[in-house]
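Report on one structure; see the data block that follows.
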Amino acid sequence: MSTTRVRFAPSPTGEMHIGNARTALYNWMFARHEGGAFILRIEDTDRARHDEAAVQVVVDSLQWLGMDWDEGPFFQSERLALYNEKVEALLAEDKAYVDEDPERGACVRLRVPPGISHFDDIVLGSTRVDRAEINDFVIRKADGFPAYNFACVVDDVDMKISHVIRGVGHTKNTHTQLVVYEALGAPIPRFAHMPLILGTDGKPYSKRHGSVSVLDFSKEGYLRQGLANFIALLGWAPGNDEEILPMEEMIRRFDLSDIKKSDAQLNPEKLDWMNGKYIRSLSVPELIEELTPFLSEAGYAVDRYPQAWLEQVVALYQENLKRLAEFPDKAVYFLTEGVVYEEKAVKKVLQKEGTKALLEKIVAALENTSEFTHATLEALLGKIAETESIGFGKIAQPIRVAITGGTVSPGIYDTMLVLGREVVLERLKKAIAMTTEINGTS
RNA sequence: GUCCCCAUCGUCUAGCCUGGCCUAGGACACCGCCCUUUCAAGGCGACGACGCGGGUUCAAAUCCCGCUGGGGACGCCA
């Protein structure tokens, strides 16, 4: 059994930032790669920030991305006895002392011995800091709660963490925490600090760049596999040119030493591209399942449509989607009874000289056949194109606008077939009537 | 301000540790072409980078130094 033990230890802030998600993912992938344990620990030692719902966000985010944990979640707020025991021991050994503040009360500080602090980071390499820069720091706050740098180490020791994988903002903390390991006489784990994720302006990725939290990306219609693959590749590459990597593959190839030292900008276009790749890799039933919440959100109850028919519609859009959330709007003329005509499309296509007559011929031809298949439609429309001696585009576009309301849709045969003979005829007639009106008033 | 870190196409990156195979490879985006009934998807192609200056060396994207630029950390927050 592997002795590799890692942990993800967020403070419950109410949202899981994309950068934190990547840190969690790297921890998790590393644990799975090594056959070790992934532990979830909630660092809720700040009373003012305590929030139950915020913990749920962490859990939901992790689960949504497909991460599971072997131990926890542990809550630091429930482990005060352990921290106090350690504080008292340090006090007894005179490695720590009480610092009285007339206003805030008494806290406990750890004595920082002089010297040069040094450790080898798996990502950053050798790092060193003069301890003269580290003041005796607080390990127990006046409110009785442990301070971050203390609770973190006590827990990492207690939980036998072998590798501490966290954001680059913690490198100085690591030097501070090394003092605690020393005072405790505890073995020191390996450290790996992750670079930052930046926005397109090169500043740390934040709300003004777009979605920041994992759950926000989910709401926008990114697939868990797509987002996970994308953020994993922000700062890590498996060493060859492959980019679409299913989770199992990423786990197999993951290596902490392949993580880049420099910060990475999040490129939204590439995320969309990658998400589209994953959408296309799904089976139609799987895609429907992913689409269901978005359909409901838009007011379309999925069970309102025959499953087989819905599969046809979804199949038509699978090649077109970048984000799941785009679907309801794009497929609106399949999902609702009526058609909403875009003014521009009507003006550009339907109001053309001869279009009305053309549509009437199409209606007549369709009414003459009871068969409504790809073959018959192709023969029928092809014949009209031929007798009218016009390109097929000249005939497909008016139909498209008439039955969808716009100039963009899946293939015209497929669109007609899935819409069905009745609906197609009804919409064509409606368009003809409308065209008459427009012509009449102009 | 003090300390620390980083630096290859616009962006994500391969290559750097173990100099030569790099006239620097791939991907996204952009542009063009093909496919084509629209939009996509797909295929093909074009554009596009080793931040600058010194070294070391027969040879540097790769090693060293400086500069410039960018970023981070400096709480009884985590």
Side-chain angles (χ1 to χ4, degrees), chain A residues 9-13 42-49 76 99 101 103-109 121 123-125 127-130 132-135 137-152 166-176 193 195-196 198 200 202-204 230 233-244 257-258 260-274 276-277 279-280 316-322 330 345 349 378 381-382 385 391-401 404 406-415:
Chain A
S11 59
T13 60
I42 306 298
E43 312 224 313
D44 56 349
T45 55
D46 184 0
R47 274 180 156 163
R49 229 186 266 178
Q76 290 190 322
D99 182 16
D101 183 294
E103 305 214 333
R104 288 190 278 189
C107 66
V108 177
R109 287 179 186 273
D121 190 281
V123 173
L124 302 175
T127 87
R128 57 187 65 237
V129 160
D130 189 336
E133 289 166 31
I134 303 172
N135 299 321
F137 55 96
V138 174
I139 57 176
R140 183 167 66 196
K141 300 182 277 188
D143 65 4
F145 276 68
Y148 166 74
N149 278 133
F150 187 68
C152 181
R166 61 193 2 168
V168 72
H170 285 292
T171 44
K172 177 75 181 294
N173 284 332
T174 299
H175 284 102
T176 302
H193 290 93
L196 252 35
L198 311 175
T200 44
K203 303 290 179 196
F230 181 75
L233 257 35
L234 233 35
W236 171 72
N240 59 12
D241 294 327
E242 285 178 63
E243 297 197 287
I244 302 295
S257 61
D258 286 335
K260 294 247 304 179
K261 293 179 181 179
S262 50
D263 299 336
Q265 280 189 215
L266 187 152
N267 179 344
E269 283 88 24
K270 189 154 186 176
L271 205 208
D272 283 354
W273 166 78
M274 191 170 277
K277 285 279 191 189
I279 285 177
R280 265 161 256 131
L316 294 184
Y317 283 92
Q318 189 163 22
E319 300 298 305
N320 258 289
L321 291 179
K322 283 193 167 72
K330 286 197 171 192
V349 180
E378 191 169 357
L381 295 181
F392 189 72
K394 298 278 185 207
I395 185 163
Q397 272 314 74
I399 296 176
R400 193 182 323 272
V401 175
T404 71
T407 53
V408 177
S409 86
I412 196 67
Y413 297 125
D414 289 331
T415 304

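Worth knowing before you read on, the calculation uses all heavy atoms, side chains too, and leaves out hydrogens, waters and symmetry mates. The sequence lines fix the lettering, A, B, ..., with proteins before strands; numbering per chain opens at 1.
At the phosphate of B:U38, neither OP1 nor OP2 sits under 4.0 Å from any side-chain N or O atom of A:K394. Of the side-chain N and O atoms in A:R109, one or more sit less than 4.0 angstrom from OP1 or OP2 of B:C76. For A:K277, a side-chain nitrogen or oxygen approaches OP1 or OP2 of B:G42 to under 4.0 Å. Side-chain N/O atoms of A:K261 include one lying less than 4.0 angstrom from OP1 or OP2 on B:C6. The phosphate of B:G71 has OP1 or OP2 within less than 4.0 Å of a side-chain N or O from A:K203.
In the set B:A40, B:C28, B:C6, B:A40 carries the atom at the smallest distance from any side-chain atom of A:E319. Side-chain proximity of A:L196 to the nucleotides B:G71, B:A29, B:C6 is greatest for B:G71. Distance from the side chain of A:K270 is smallest for B:C12 among the nucleotides B:U37, B:C12, B:C76. Among the nucleotides B:U38, B:U13, B:U11, the one closest to the side chain of A:K260 is B:U13. Considering only side-chain atoms of A:A264, the nucleotide from B:C12, B:A41, B:C6 that sits closest is B:C12. In this structure, the nucleotide among B:C28, B:U13, B:A78 sitting nearest to the side chain of A:T45 is B:A78. Ranking B:U37, B:G26, B:U11 by closeness to the A:Y413 side chain, first place goes to B:U37. If you check B:A78, B:C12, B:A27 against the side chain of A:L234, the one that comes closest is B:C12. Nearest to the side-chain atoms of A:Y148 among the listed nucleotides B:A78, B:C12, B:G71 stands B:A78. Of the candidate nucleotides B:C39, B:A78, B:A41, B:C39 has the atom lying nearest to any side-chain atom of A:V408.
Within the 4.0 angstrom heavy-atom criterion, only backbone atoms of the sugar-phosphate kind lie near A:K172; the bases stay farther away. Note on A:G235: only backbone sugar-phosphate atoms sit closer than 4.0 angstrom, heavy atoms only; bases stay farther off. Looking at heavy-atom distances under 4.0 Å, A:D101 makes contact with a base. The residue A:I412 sits close to a base: some heavy atom pair falls under 4.0 Å. Residue A:H193 is classed as having no contact, given no heavy-atom separation below 4.0 Å to the nucleic acid. Contact annotation for A:P195: no contact, since no heavy-atom pair falls under 4.0 Å across all strands. At a threshold of 4.0 angstrom between heavy atoms, the contacts of A:G411 include nucleobase atoms, whether or not backbone atoms are also involved. Using a 4.0 Å heavy-atom cutoff across all strands shown, A:R280 reaches sugar-phosphate atoms only and no base atom. Residue A:N173 is in base contact, counting any heavy-atom pair closer than 4.0 Å across all strands shown. Among the heavy atoms of the strands lying under 4.0 Å from A:S409 is at least one base atom, whether or not backbone atoms are also near.
Straight-line distance between the P atoms of B:G32 and B:C52: roughly 32 Å, to the nearest whole Å. Only the C1' atoms considered, B:A49 is 10 Å distant from B:A61, to the nearest whole Å. Separation of the P atoms belonging to B:U18 and B:A27 is 31 Å when rounded to the nearest angstrom. Separating the P atom of B:G66 from that of B:C5 is a span of 12 Å, rounded to the nearest Å. With both ends at atom C1', the span from B:G19 to B:G1 equals 40 Å, rounded to whole Å. As rounded to the nearest Å, B:G10 and B:C6 have P atoms that lie 22 Å from one another. Nucleotides B:C44 and B:A59 are separated by 37 Å at their C1' atoms, to the nearest Å. Annotation: B:C17 and B:A7 have their P atoms spaced 14 Å apart (nearest Å).
Between A:V401 and A:T407, the closest side-chain pair of non-hydrogen atoms falls below 4.5 Å.
Of the nucleotides present, none pairs with B:U36 by Watson-Crick or G-U wobble criteria with both distances under 3.5 Å. Across every strand in view, B:C28 sits in a pair with B:G10 that passes the Watson-Crick or G-U test at under 3.5 angstrom. Under the Watson-Crick or G-U wobble criterion, with both distances below 3.5 Å, B:C63 is paired with B:G55. The partner of B:G1 is B:C74, by the rule that a Watson-Crick or G-U pair needs both atom distances under 3.5 Å.
Of all heavy-atom pairs spanning A:H175 and A:T127, the tightest one is CE1-OG1, 2.9 Å. The two residues A:P195 and A:D263 make their nearest non-hydrogen contact at CB-OD1, 3.6 Å. Across every non-hydrogen atom of A:F230 and A:N267, the tightest pair is CZ-O, 3.5 Å.
Rounded to the nearest 0.5 Å, atoms CZ (A:R280) and NZ (A:K277) are 6.5 Å apart. Going from atom CG of A:D99 over to atom CZ of A:R104 covers 9.5 Å, rounded to the nearest 0.5 Å. Note that the OH atom of A:Y148 and the NZ atom of A:K141 stand 12.5 Å from one another [nearest 0.5 Å]. From A:L196, atom CG reaches atom CG of A:L234 across 11.0 Å, with rounding to the nearest 0.5 Å.
Judged by atom type and distance alone, A:D263 does not reach the base of B:G71 through any side-chain donor-acceptor pair under 3.5 Å.
Between the CD atom of A:E243 and the P atom of B:G25 there is a distance of 16 Å, rounded to whole Å. The nearest whole Å value for the distance from the CZ atom in A:F137 to the C1' atom in B:G75 is 13 Å. Between the CZ atom of A:R128 and the C1' atom of B:A73 there is a distance of 18 Å, given to the nearest Å. Rounded to an integer number of Å, the gap from A:F230 CZ to B:U13 C1' is 12 Å. Taking atom NZ of residue A:K141 and atom C1' of nucleotide B:A78, one finds them 8 Å apart after rounding to whole Å. A:D121 places its CG atom 11 Å from the C1' atom of B:C5, with the value rounded to the nearest Å. Separating the CG atom of A:L124 from the P atom of B:A7 is a distance of 10 Å, rounded to the nearest angstrom. Separating the CG atom of A:N267 from the P atom of B:C30 is a distance of 11 Å, rounded to the nearest angstrom.
Side-chain atoms of A:D44 come within 3.5 Å of backbone atoms of A:Q76 as a donor-acceptor pair (strictly under, hydrogens ignored).
Salt bridge annotation for A:E269-A:K322: absent, with no cationic side-chain nitrogen under 4.0 angstrom from a carboxylate oxygen.
When each of A:L271 and A:A237 is assigned the nucleotide of RNA chain B with its nearest heavy atom, A:A237 is the one assigned upstream, toward the 5' end. Summary of the strand contacts: A:L266 and A:R104 both lie near RNA chain B, and taking for each the nucleotide with the nearest heavy atom, the more 5' one is attributed to A:L266.
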